[in-house]
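To keep things clear, I will list the structure first and then write my remarks on it.
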Amino acid sequence: MATVSLQNLYKTYPGGKTGEVTAVRDFNLEIADREFIVFVGPSGCGKSTTLRMIAGLESISRGELCIDGVRMNDTPPKDRDIAMVFQNYALYPHLTVFENLAFGLKLRKTPKDEIQRRVAAAAEILGLGQLLDRTPKALSGGQCQRVAVGRAIVRQPKVFLFDEPLSNLDAKMRVQMRAEIIKLHRRLQATMIYVTHDQIEAMTMGTRIVVMDAVLNPATGLKEGIVQQIDTPLKIYHEPANLFVAGFLGSPPMNFFKGTLHQEPSGLVFRENAPGTLVLPLPERPATTAHLGRELILGLRPENCRLAGHSTATDFQATLEMVEPMGSETYLYAHTGAHAFISKNPVGHESLAPGTRQHFHIDAERAHFFDPATQLRLPV
Ligand code: ADP
Ligand code: MG
């Protein structure tokens, strides 16, 4: 049983015009027992700092951290019952895999047979059984990372913290280790917090995702790490809170078009600002009508603006610029005259000639609108 509660958590460092630089501003999150929480965001948005405050490796400037309802702000790291896995796994090079796994337990004066038992169990879970006598230099990067995870497992902590543990691995190994960590979470039934800058890891691993960003504070002229949205991966994908979240999660990213909503004889349409040509008929809904005449940003995911074989009611024309066959699907890069966008399609279309005009069909039900001033997604 392990819940983690972060209430109004701040990390500030001395410096700047005001004498205080804010790395993390007002972080709030209630983590339930056995959740797999992912912190995702671009470099410098405060992910590691927040994780290190939870681990006790950084002091908490303001706010409260509780684990299982007990305030932990001033508890030393070793007494927080937490284990952390880093990007730079830093194994002891002169010790064997067994000794690396046993090291922390020995320090804690764990009885020998208990060490044996725990190391054997971790080695079994991670498939390290055959490697226990090797030293790290005889291991691959993936195997080293597995030993680093093993060191956390043998501690049997209440909470596991991972800080970009897969960043040093090659692409194939990353995908494999990603699956292993998901399985590990299921098997250990432990609470885990996982930091990554990779939106695909966030989408595939998290029971909930915390999207963070570094945002300029006009008062200080400095960037500060803030939380942009907390929710399940699919909820964030389909209902992003704002432009940043909409553009950060999803690959290729969401397309954005600036324009205005108009009521025309044919129905509701979205017209790009001049010299744009995008005219998008939309289903009429009361909430959509509320935005008539306003400057808006239309957001369309690449899979929601596909090539249409022929002209349909909800389509628009654009100039094809490039065809990118991905094997399992085809990306079309096109331009409306005002905005470039990407369209995700089933395989085929390789013979389409760049420079030609094409019809693109829009899934208007999946169109998002954002307020350019506040950046927030508008209800439609
Ligand atoms: P992330 O892990 O998301 O890439 P970090 O948490 O490492 O980001 O850093 C967040 C911000 O805090 C960065 O702007 C970084 O420069 C700043 N920062 C981190 N450590 C210190 C420190 N010791 N002194 C001042 N600023 C720091
Ligand atoms: Mg970091």
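Bear in mind that the values here come from a model prediction, so they are computed numbers and not experimental data. Remember, it's 1-based here, ligands and their atoms both numbered in the order they're listed.
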- Query: Between Val323 and Glu350, which heavy-atom pair has the shortest distance, and what is it?
  - Reply: CG1-CA, 4.0 Å

- Note on the structure: protein heavy-atom neighbour closest to atom 7 (O) of ligand 1 works out as Ser48 CB, 3.8 Å

- Check Ala318 against Phe341 and note the closest heavy-atom contact, atom names and distance. CB-CE2, 3.6 Å

- Near the Mg ion (ligand 2), which protein N/O/S atoms fall under 2.8 Å? Ser48 OG

Donor-acceptor pairs under 3.5 Å, side chain of residues 210-218 to any protein atom, not counting sequence neighbours: which ones?
| from | atom 1 | to | atom 2 | distance (Å) |
| --- | --- | --- | --- | --- |
| Asn217 | OD1 | Ala219 | N | 2.9 |
| Asn217 | ND2 | Glu224 | OE2 | 2.9 |

- Item | From CD1 (Ile193) to CD1 (Ile54), nearest 0.5 Å | 4.0 Å

- Query: Ser59 versus Lys11: any side-chain heavy-atom pair under 4.5 Å?
  - Reply: yes

- When the ring planes of Phe160 and Phe162 are compared, do they come out parallel, tilted or perpendicular, using 30° and 60° as the limits? parallel

- Message: Quick test: of every protein heavy atom, which one is nearest to atom 4 (O) of ligand 1, and how far off is it to 0.1 Å?
- Response: Gly44 N, 2.7 Å

- Any Gly46 heavy atom less than 4.0 Å from ligand 1: yes

- When distances are taken from atom 20 (N) of ligand 1, the protein heavy atom at minimum range is Tyr13 OH, 3.1 Å

- Note on the structure: ligand 1 to Thr49, heavy atom cutoff 4.0 Å, flagged ligand atoms 5 (P), 6 (O), 9 (O), 10 (C)

- Under 4.0 Å from one or more heavy atoms of Ser43, ligand 1 contributes atoms 4 (O)

- For ligand 1, which atoms, with element, lie under 4.0 Å from some heavy atom of Ala23? 11 (C), 12 (O)

- Pairs in or reaching into residues 31-76: which pass ring-ring contact (aromatic ring centres under 6.0 Å, His included), with residues at least two apart or in two chains? Phe27-Phe39, Phe36-His185, Phe36-Tyr194

- Atom pair OG1 (Thr135) and CG (Leu91), whose distance is rounded to the nearest 0.5 Å: 10.5 Å

- Can you list the other members of the hydrophobic cluster that holds Tyr10, where links are side-chain heavy atoms under 4.5 angstrom apart? none

- Message: Does the protein come close to atom 16 (O) of ligand 1 - that is, does one of its heavy atoms sit below 4.0 Å from that atom?
- Response: no

- Message: Quick check for you: to the nearest 0.5 Å, what is the distance between Leu300 atom CG and Ile362 atom CD1?
- Response: 5.0 Å

